[in-house]
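Chain naming here is simple, since letters A, B, ... match the order of the sequence lines and numbering starts at 1 in each. Values in this document were obtained by computation on a predicted structure and should not be read as measured data.
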Amino acid sequence: MKTRETGQILSNKRIAENLFELKIKLPEIAAMAQPGNFITILPPAESGRYLRRPFSISGKGDNFITLVIRGIGKTTDSLALLREKTCLDVIGPLGNSYPKISGNIWMIGGGTGIASVLFLSSMRKTAGLKNDRILWAGQTKDALPDIYKHPVAIDYSTDDGSKGEKGNAAMVLEKWLKRDKPDAVAACGPHGMMKAVKEIAAEHGIETWLSLEEFMACGVGACAGCAVKLESGGYEKVCDDGPVFRSDRIVL
Amino acid sequence: MKTRETGQILSNKRIAENLFELKIKLPEIAAMAQPGNFITILPPAESGRYLRRPFSISGKGDNFITLVIRGIGKTTDSLALLREKTCLDVIGPLGNSYPKISGNIWMIGGGTGIASVLFLSSMRKTAGLKNDRILWAGQTKDALPDIYKHPVAIDYSTDDGSKGEKGNAAMVLEKWLKRDKPDAVAACGPHGMMKAVKEIAAEHGIETWLSLEEFMACGVGACAGCAVKLESGGYEKVCDDGPVFRSDRIVL
Amino acid sequence: MMENDKNILAATLGTLNLKNPAIAASGTYGYGTEYSDFCPADDWGAVILKSVSEKPRDGNPPPRCCEVEGGMINSIGLANVGMEKFLSEKMQEFRKKHEKAVCIASIAGESLAEFEKLSERINESGKIDAVEINISCPNVSKGGMHFGSDPQSAAEVIASCRRNTSLPLLAKISPAAGSPVDVARACADSGADIIVAVNTIPGMKIDIEKGKPVLGNIFGGLSGPAIYPAALRIAFLIHRALPEIPLIGCGGIDSADTALQFIMAGCSAFQIGTATFRNPECLYTILDNIRIFMQKKGYKSVKDAVGIAAEY
Amino acid sequence: MMENDKNILAATLGTLNLKNPAIAASGTYGYGTEYSDFCPADDWGAVILKSVSEKPRDGNPPPRCCEVEGGMINSIGLANVGMEKFLSEKMQEFRKKHEKAVCIASIAGESLAEFEKLSERINESGKIDAVEINISCPNVSKGGMHFGSDPQSAAEVIASCRRNTSLPLLAKISPAAGSPVDVARACADSGADIIVAVNTIPGMKIDIEKGKPVLGNIFGGLSGPAIYPAALRIAFLIHRALPEIPLIGCGGIDSADTALQFIMAGCSAFQIGTATFRNPECLYTILDNIRIFMQKKGYKSVKDAVGIAAEY
Ligand SMILES: Cc1cc2nc3c(=O)[nH]c(=O)nc-3n(C[C@H](O)[C@H](O)[C@H](O)COP(=O)(O)OP(=O)(O)OC[C@H]3O[C@@H](n4cnc5c(N)ncnc54)[C@H](O)[C@@H]3O)c2cc1C
Ligand SMILES: Cc1cc2nc3c(=O)[nH]c(=O)nc-3n(C[C@H](O)[C@H](O)[C@H](O)COP(=O)(O)OP(=O)(O)OC[C@H]3O[C@@H](n4cnc5c(N)ncnc54)[C@H](O)[C@@H]3O)c2cc1C
Ligand SMILES: Cc1cc2nc3c(=O)[nH]c(=O)nc-3n(C[C@H](O)[C@H](O)[C@H](O)COP(=O)(O)O)c2cc1C
Ligand SMILES: Cc1cc2nc3c(=O)[nH]c(=O)nc-3n(C[C@H](O)[C@H](O)[C@H](O)COP(=O)(O)O)c2cc1C
Ligand code: FES
Ligand code: FES
């Protein structure tokens with residue numbers, strides 16, 4: 001079930017350079033949300049944008065969900081400026097979710113790709129699964145806030161070494177793999193990172209789940225606008241068959 | 001000279017049902033403004049409107065101008081909600097102005113047409129001309145606020161008699177003309193009112209100046225989009241040749 | 001809602017009776033069940049499913065959509081499951097959920113032969129109330145020129161379909177035709193029962209950061225509010241030229257205001273496409289506001305407003 | 001600004017050298033002096049004055065303009081002062097204020113004979129740098145069909161003008177032509193030096209309160225950001241078909257982003273129309289942001305970016 005719900009902004013916190021966390025009161029959506037799911041938001045009028053914008057759910061509470069958003073355009077810049085109590089028109093939860101995995105998962109978030117990873121890791125922690133690792137990769141330290149309260153410790157990496165390990169996500173993953181191997185990898189981030197993770201997964205034979213981003217028109221599987229190419233030929237829909245795909249099924 | 005000036009809203013007062021007075025800090029425009037002139041405002045982003053919107057200047061001070069605006073659409077409804085200190089992109093002063101008339105003038109404002117009449121009357125009062133009359137006509141009393149501080153007393157009329165005289169502007173003008181005759185009439189208001197005033201002026205042989213409204217694209221005489229038909233054939237531009245026209249020159 | 005209030009919205013398109021004039025546009029409403037949580041098929045006057053071809057089609061390489069001022073561009077490339085799966089799976093699922101909804105299939109062929117087969121299969125299926133011919137398809141035998149770009153090839157398509165189906169035939173006109181009115185006339189003369197004006201306007205967008213077209217297919221179709229004035233003019237001209245044929249407006253409708261503009265231009269019904277993406281419940285707002293407008297203006301039926309602006 | 005920074009923006013259109021690629025579009029910049037307080041002619045690469053006909057024209061009955069989503073519709077109806085007054089008054093005034101600005105006259109005839117006379121008079125005037133042929137005019141001898149709607153009549157117009165002027169000839173294409181590319185080719189073959197793509201898209205709006213068309217002329221031309229994807233596609237296709245002929249983009253440009261999209265599609269310069277109405281100083285923002293983009297991407301000249309998206 002998906003629903004359209006009008007939700008009040010409970011808080012809108014700037015957490016890093018051009019990055020903010022929105023907490024929105026959405027009891028129905030929160031009740032149904034699973035890690036990997038996303039929602040779509042009607043752009044605020046002042047943004048001038050027409051189509052709803054998709055965002056991964058980064059966490060939930062009893063009656064709210066959280067989002068981690070980077071201001072990169074008209075909608076996201078407008079969202080960044082919204083005050084508490086402003087109402088948003090939200091549809092969700094949409095898409096599939098990460099599969100249940102009983103072993104440990106290494107999770108990699110590139111930029112705002114961290115959102116679904118945060119959600120997945122906190123749900124797994126609550127479920128008693130304790131051996132997960134999280135890597136949050138960014139270009140510089142300005143892009144990466146400290147998130148102390150998260151139930152799973154977060155490792156950081158930056159291209160310039162200004163925070164955490166130096167190097168991109170793929171390099172850090174390779175490094176980690178020299179010492180250990182997880183039961184699965186879950187990753188969400190920019191295209192280049194996903195491509196690299198897919199290759200590493202294939203090389204090391206690790207079950208890997210990628211949460212993809214593609215421009216979406218409907219977000220509910222009605223338009224075939226958000227295609228991802230399959231290794232087996234043809235396409236699937238990121239919004240409906242995904243956004244979470246096994247890395248060996250898709251062409252990046 | 002016309003100029004583009006960014007002005008802070010000094011105040012935004014609701015003065016009647018769906019009617020508000022905007023006071024905007026615009027020193028350069030204020031210095032040049034003459035009664036009859038208008039300005040154009042860039043619509044606020046949240047209105048979704050593209051073209052600038054024209055509004056008559058209803059008064060001025062040392063460093064500000066005032067506008068009287070009715071919320072009838074996207075731009076005007078957005079303007080109504082703006083708070084003090086918000087900045088507006090304004091171009092002006094535009095258009096011609098009422099001619100200098102040394103005798104007395106009866107001024108008629110229909111709805112927001114009162115704006116240019118208020119400006120004209122206060123400038124004339126300052127110049128020492130004391131025998132003007134003002135009629136502000138509206139449908140019901142809800143449309144007509146009391147404006148006590150205006151230097152010239154305002155008479156009111158409403159279609160339903162709920163405030164001031166009962167009847168429309170033309171009926172009241174006819175009534176006034178039974179007892180007296182001004183040196184000139186100045187009027188601004190809806191199309192039907194202007195048509196009636198034009199006819200009455202012709203009948204009674206009174207020099208009459210009408211300030212017209214027409215949809216405007218450029219507002220500076222560059223597009224010929226705001227045509228008014230002339231009795232002598234052809235068209236003139238409301239934004240540039242007007243907005244103030246002698247009633248006997250134009251076809252309504 | 002009183003009984004006569006209900007009838008305010010009823011629409012008639014030749015032999016097709018709809019409970020309201022709002023129709024979900026092909027390609028924006030999937031196979032009729034994707035939006036069931038928001039605007040189920042039963043609430044529309046009719047729904048038109050994704051255009052279907054004989055064989056399944058993968059569609060164009062991504063990106064397939066992007067946003068532009070006042071709308072979007074799409075180059076889905078007629079991705080669809082193909083006629084067999086459409087009838088055996090998609091229509092079954094649809095009818096299971098929405099037994100009584102008025103359902104229009106849209107067919108898209110690359111040759112006259114394909115159109116013939118498609119219309120025949122639809123006709124036999126017994127589950128479909130009418131068929132919309134998407135003539136804005138590349139004609140393989142004419143080097144990819146769209147069937148809808150000239151009156152003669154449009155007429156040939158319609159005639160082929162007409163021979164193979166007794167269902168009401170809707171011909172959907174492309175705004176890119178040199179003379180959409182001539183195409184509409186040719187379609188009417190060849191057996192189309194209803195004209196739909198219009199499909200998307202060809203357009204493109206370039207990503208200046210990458211220095212290349214945004215869409216994988218380079219070109220796509222523009223839809224959304226940006227196109228309504230162009231679409232409205234074509235509908236108006238078709239109604240003026242062919243006042244007898246039932247007309248459906250389409251292009252940028254996302255409010256009662258724009259819907260009523262098409263109605264007043266001469267459309268007996270209208271399609272909503274891109275607006276559903278923005279607000280999957282816009283159908284209800286639009287219908288409510290049309291009803292309120294009709295009551296305010298004293299119309300007993302939307303039908304009385306059809307074409308009233310066309311006398312000018 | 002350093003000297004080489006200045007050259008970043010220089011544009012070349014055949015024999016016409018512009019200091020920057022931004023050109024004021026005909027009909028949106030009056031007779032060249034109305035906007036002098038905001039964006040004087042000297043600051044543009046070139047300005048194109050209102051289309052002029054042999055005799056003065058009153059233009060269409062009002063309303064002549066209205067706003068729509070992402071732009072506006074106009075039906076000015078070529079209101080202009082006529083060639084005599086244009087040359088004896090308007091051009092004098094213009095040159096008094098803006099001696100060195102690059103000035104392009106736009107001419108609009110209703111017959112080949114009128115186009116001939118117009119181009120001859122412009123040629124003799126000695127004050128004008130180039131002439132744009134507005135072929136989107138009704139051809140009286142063909143029942144009002146626009147000259148620009150088919151390649152042959154477009155070619156006839158261009159050829160008539162070509163015989164009468166040695167000035168650079170710009171042919172301004174209508175997006176409503178069945179095949180704008182064929183029209184552009186015909187114009188190039190008949191002597192046009194530069195192609196301009198495009199004029200407005202035909203459209204209309206209905207006032208539902210009054211139940212009638214908003215514009216006095218019923219139909220008008222759609223302009224503004226709403227039309228840029230359609231305009232861009234036509235420019236892209238023309239550049240692909242005729243890579244050698246200098247091309248000017250026009251339609252909905254109101255930012256460095258949209259201007260650069262046209263440049264990357266193959267336009268050596270671009271026109272700004274409706275955007276000037278919204279912000280008469282947008283010229284400066286657009287040029288500044290183009291310069292910044294060029295520097296960021298390491299281009300020495302805008303010319304190096306022309307057509308880079310057209311390989312796809
Ligand atoms: C399933 C899914 C989950 C997402 N989750 C998140 C999230 O948790 N946090 C978050 O910040 N963002 C997320 N995104 C991306 C987000 O949807 C876009 O940032 C947003 O749509 C941009 O809208 P805008 O109006 O601000 O930008 P626009 O003004 O539309 O675009 C500005 C620029 O950004 C580019 N752009 C637009 N969309 C994207 C995109 N999807 N990816 C990269 N560049 C883009 C445009 O090409 C343009 O150049 C997600 C996207 C998907 C599909
Ligand atoms: C010279 C001049 C002076 C003006 N002075 C004033 C003034 O002092 N105070 C004031 O409140 N208004 C004034 N107006 C009118 C004002 O410009 C319009 O109300 C405004 O443009 C509406 O914009 P919008 O975006 O709010 O409405 P929109 O959303 O664009 O339109 C809403 C509805 O109003 C109608 N509409 C749009 N413009 C007008 C108009 N000009 N007249 C009547 N109906 C219209 C539209 O057709 C539409 O149905 C003046 C207009 C002119 C030309
Ligand atoms: C994503 C998308 C897919 C579409 N697919 C089809 C299609 O398969 N067949 C068809 O006839 N029209 C298709 N269309 C066109 C729509 O049915 C409609 O004619 C067009 O979008 C204009 O209406 P709108 O502005 O309300 O969207 C599609 C439109 C969109 C946006
Ligand atoms: C009010 C108005 C008047 C116009 N008059 C003319 C004209 O006389 N001749 C002409 O060739 N184009 C004319 N145009 C078209 C513009 O020059 C331009 O091609 C079109 O508006 C698209 O560009 P834009 O979206 O930047 O405005 C006019 C456009 C507008 C808006
Ligand atoms: S966005 Fe429409 S199918 Fe995915
Ligand atoms: S609005 Fe452009 S000339 Fe008056």
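Contacts with chain C were tallied for D:G203, D:P229, D:G178; D:P229 has the most, counting heavy-atom pairs under 4.5 Å. Counting heavy-atom pairs closer than 4.5 Å to chain D, the top residue among C:R233, C:E311, C:K212 is C:R233. Taking D:A309, D:S179, D:A310 one by one and counting their heavy-atom pairs under 4.5 Å with chain C, the maximum is reached by D:A309. Taking chain C as the reference chain and counting heavy-atom pairs below 4.5 Å, the highest number among D:I263, D:I201, D:D257 is found for D:D257. Ranking D:K205, D:E69, D:Q261 against chain C, the residue ahead of the rest is D:Q261, based on heavy-atom pairs under 4.5 Å. The candidate from D:P202, D:G70, D:S149 with the greatest count of non-hydrogen atom pairs under 4.5 Å with chain C is D:P202.
Only the backbone of D:A176 comes within contact range of chain C, with at least one heavy atom under 4.5 Å from a heavy atom of that chain. Proximity to chain C is limited to the side chain of D:F293, based on heavy atoms less than 4.5 angstrom apart. Contact of C:F219 with chain D is made through the side chain alone, with heavy-atom distances under 4.5 Å. D:L260 touches chain C through backbone and side chain together, each having a heavy atom under 4.5 Å away. If you measure heavy-atom distances from D:I234 to chain C, you find no contacts under 4.5 Å at all. Only the side chain of C:I73 comes within less than 4.5 Å of a heavy atom of chain D; its backbone N, CA, C and O stay farther away. Both the backbone and the side chain of D:L232 have a heavy atom closer than 4.5 Å to some heavy atom of chain C.
Atoms OH and CG, from D:Y228 and C:L222 in turn, are 9.5 Å apart once rounded to the nearest 0.5 Å. The line from CD1 of C:I308 to NZ of D:K210 is 13.0 Å long, rounded to the nearest 0.5 Å. Distance check, rounded to the nearest 0.5 Å: CZ of D:F236 to CE of C:M204 gives 4.0 Å.
Annotation for D:P213 and C:Y312: closest pair CD-CD1, 3.6 Å, computed over non-hydrogen atoms. Here the shortest heavy-atom pairing between D:M264 and C:I208 reads CE-O, 3.3 Å.
Looking only at distances, a side-chain donor or acceptor of C:K297 sits under 3.5 Å from a matching main-chain atom of D:E209.
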